[in-house]
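Both ligands and their constituent atoms are indexed starting at 1 by order of listing.
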Amino acid sequence: MRIDIISCVPKLLDSPFSHSILQRANDKALSEVHVHDLRKYANNKHNRIDDYAYGHGAGMVIMADPIFNCINDLKKERDYQEVIYMTPDGEVFNQQIANHLSISCENIIILCGHYKGIDQRVRDEIITREISIGDYVLSGGELAAAIVADAVIRVLPGVLGDETSALTDSFQDGLLAPPVYTRPKEWKGQEVPDILLSGHESKIDEWRLEESVKRTQLRRPDLWDNYLKAHPDVKETKTKKKK
Ligand code: 6GU
């Protein structure tokens with residue numbers, strides 16, 4: 001998968017893709033991330049890409065032309081399945097969206113907003129999808145774009161060493177992940193749960209599911225509600241067990 005990120009502060013994106021899993025995905029040629037400086041597409045000699053908003057009070061807005069020119073140049077080279085605009089008023093990002101993008105896209109453009117946003121006409125004309133990472137406002141879309149790219153790349157087949165490890169992430173089955181332990185067996189008087197040392201695989205899986213359920217019920221009743229709707233069979237056994 002290829003991800004092209006367009007930004008007016010490209011330096012903000014130097015580091016996230018040069019370490020750990022994302023670096024490895026890049027080294028294994030499973031993903032490539034290219035960052036483009038929007039200022040290079042300014043159509044004036046002062047390199048200006050923003051201007052005052054029409055109407056009063058709204059602040060600076062990124063102009064349509066630099067964005068259009070940059071995306072057009074990219075589209076001349078290859079087809080893009082999605083042109084995503086990162087914006088706090090977009091659809092809230094989640095694991096399902098990450099999985100979907102990962103499965104269905106070969107090439108993606110991610111456009112980062114800044115200031116008061118981008119000219120609405122670009123959104124209407126070129127953008128295929130608008131994504132937010134949550135209900136709070138960041139100074140720009142760069143960190144949000146890095147988050148989306150990370151979540152999408154890590155679920156590409158072959159990126160994680162152990163193929164099953166993305167499947168056991170929190171959210172993949174609609175539940176939070178269970179607790180995990182490593183050595184030492186006893187730490188500050190706290191023991192690792194016996195079941196994990198038993199070697200009894202099916203019992204361990206059962207314990208993990210129970211812990212996932214408990215954690216989800218306690219911390220994310222909204223997720224638990226959705227889980228029950230998707231698994232009508234679970235409702236009975238779990239509510240019986242709780243009694
Ligand atoms: Cl995508 N951009 C900005 N600027 N703020 C955000 C966001 C995006 N998602 C949540 N807050």
Side-chain angles (χ1 to χ4, degrees), residues 1-18 21-22 31-42 48-55 57-68 70-71 74 80-105 107-156 169-171 176 219-220 222-223 226:
M1 168 181 280
R2 176 180 168 121
I3 303 180
D4 288 276
I5 305 182
I6 303 170
S7 160
C8 49
V9 200
K11 277 202 159 39
L12 276 175
L13 290 158
D14 278 352
S15 165
F17 302 103
S18 12
I21 288 170
L22 298 189
S31 66
E32 17 176 328
V33 177
H34 300 264
V35 180
H36 306 275
D37 185 354
L38 191 58
R39 271 173 223 286
K40 293 199 177 133
Y41 295 84
R48 275 200 60 179
I49 51 166
D50 60 330
D51 208 335
Y52 294 99
Y54 280 117
M60 304 304 279
V61 175
I62 301 180
M63 292 185 282
D65 261 345
I67 297 171
F68 181 76
C70 179
I71 291 177
L74 289 170
Y80 288 90
Q81 288 73 46
E82 297 276 7
V83 181
I84 299 167
Y85 173 47
M86 299 307 305
T87 175
D89 58 11
E91 178 186 10
V92 179
F93 190 58
N94 60 25
Q95 189 66 53
Q96 263 171 309
I97 302 176
N99 294 350
H100 169 79
L101 294 173
S102 184
I103 289 164
S104 59
C105 299
N107 304 306
I108 305 179
I109 291 172
I110 304 182
L111 171 65
C112 305
H114 249 267
Y115 315 109
K116 278 293 166 190
I118 65 175
D119 193 300
Q120 180 61 39
R121 291 166 293 185
V122 170
R123 296 171 69 162
D124 296 340
E125 185 79 18
I126 322 175
I127 299 299
T128 61
R129 186 158 200 160
E130 303 192 325
I131 293 178
S132 159
I133 58 161
D135 294 340
Y136 41 82
V137 177
L138 303 169
S139 344
E142 283 76 13
L143 299 180
I147 283 167
V148 168
D150 182 312
V152 171
I153 290 170
R154 74 188 294 288
V155 291
L156 287 170
D169 284 345
S170 280
F171 307 114
L176 299 181
R219 297 181 179 188
R220 293 293 303 275
D222 56 322
L223 281 186
N226 288 338

What part of Ala144, side chain, backbone, both or neither, has a heavy atom within less than 4.0 angstrom of ligand 1?
-> side chain
Flag Ile131 as yes when one of its N or O atoms lies below 3.5 Å from any N or O atom of ligand 1, and as no otherwise.
-> no
Considering only the protein, which heavy-atom contact is closest to atom 3 (C) of ligand 1, and what is its distance?
-> Pro88 CD, 3.5 Å
Interatomic spacing from CD in Glu91 to CD1 in Ile131 - rounded to 0.5 Å = 6.5 Å
Distance-only polar pair, side chains of Thr87 and Glu130, donor-acceptor under 3.5 Å | no
Among protein heavy atoms, which lies nearest atom 10 (C) of ligand 1, and at what distance?
-> Gly134 O, 3.1 Å
Atom 5 (N) of ligand 1 - nearest protein heavy atom and its distance | Leu138 N, 3.0 Å
Contact region, Asp135 to ligand 1, non-hydrogen atoms below 4.0 Å, reads neither
Yes or no on salt bridge (Lys or Arg N to Asp or Glu O under 4.0 Å) for Asp169 and Arg154, after CA distance, side-chain angles and deciding distance?
-> CA-CA 11 Å; Asp169 284 345; Arg154 74 188 294 288; 2.4 Å; yes
Identify, for atom 1 (Cl) of ligand 1, the protein heavy atom at the shortest distance, and state residue, atom and that distance.
-> Thr87 N, 3.2 Å
Could you tell me the separation between the CG atom of Asn99 and the CG atom of Leu156, rounded to the nearest 0.5 Å?
-> 10.5 Å
Show the numbers, then the answer: is there a side chain to side chain contact (heavy atoms under 4.5 Å, CB included) between Asp119 and Met63?
-> CA-CA 6 Å; Asp119 193 300; Met63 292 185 282; over 6 Å; no
Short side-chain donor-acceptor distance under 3.5 Å, Tyr80 and Asp4 = yes
Considering heavy atoms of the protein only, find what lies nearest to atom 6 (C) of ligand 1 and give residue, atom and distance to 0.1 Å.
-> Tyr136 O, 3.6 Å
Would Arg123 and Asp89 pass as an ion pair if we require N to O under 4.0 Å?
-> yes
Using distance alone, decide if ligand 1 has a nitrogen or oxygen within less than 3.5 Å of any nitrogen or oxygen in Ser139.
-> no
Spatial distance of atom SG (Cys8) from atom NZ (Lys40) [nearest 0.5 Å] = 13.5 Å
Which atoms of ligand 1 are found less than 4.0 Å from any heavy atom of Ile133?
-> 9 (N), 10 (C)
For ligand 1, is there an atom lying under 4.0 Å from some heavy atom of Gly140?
-> yes
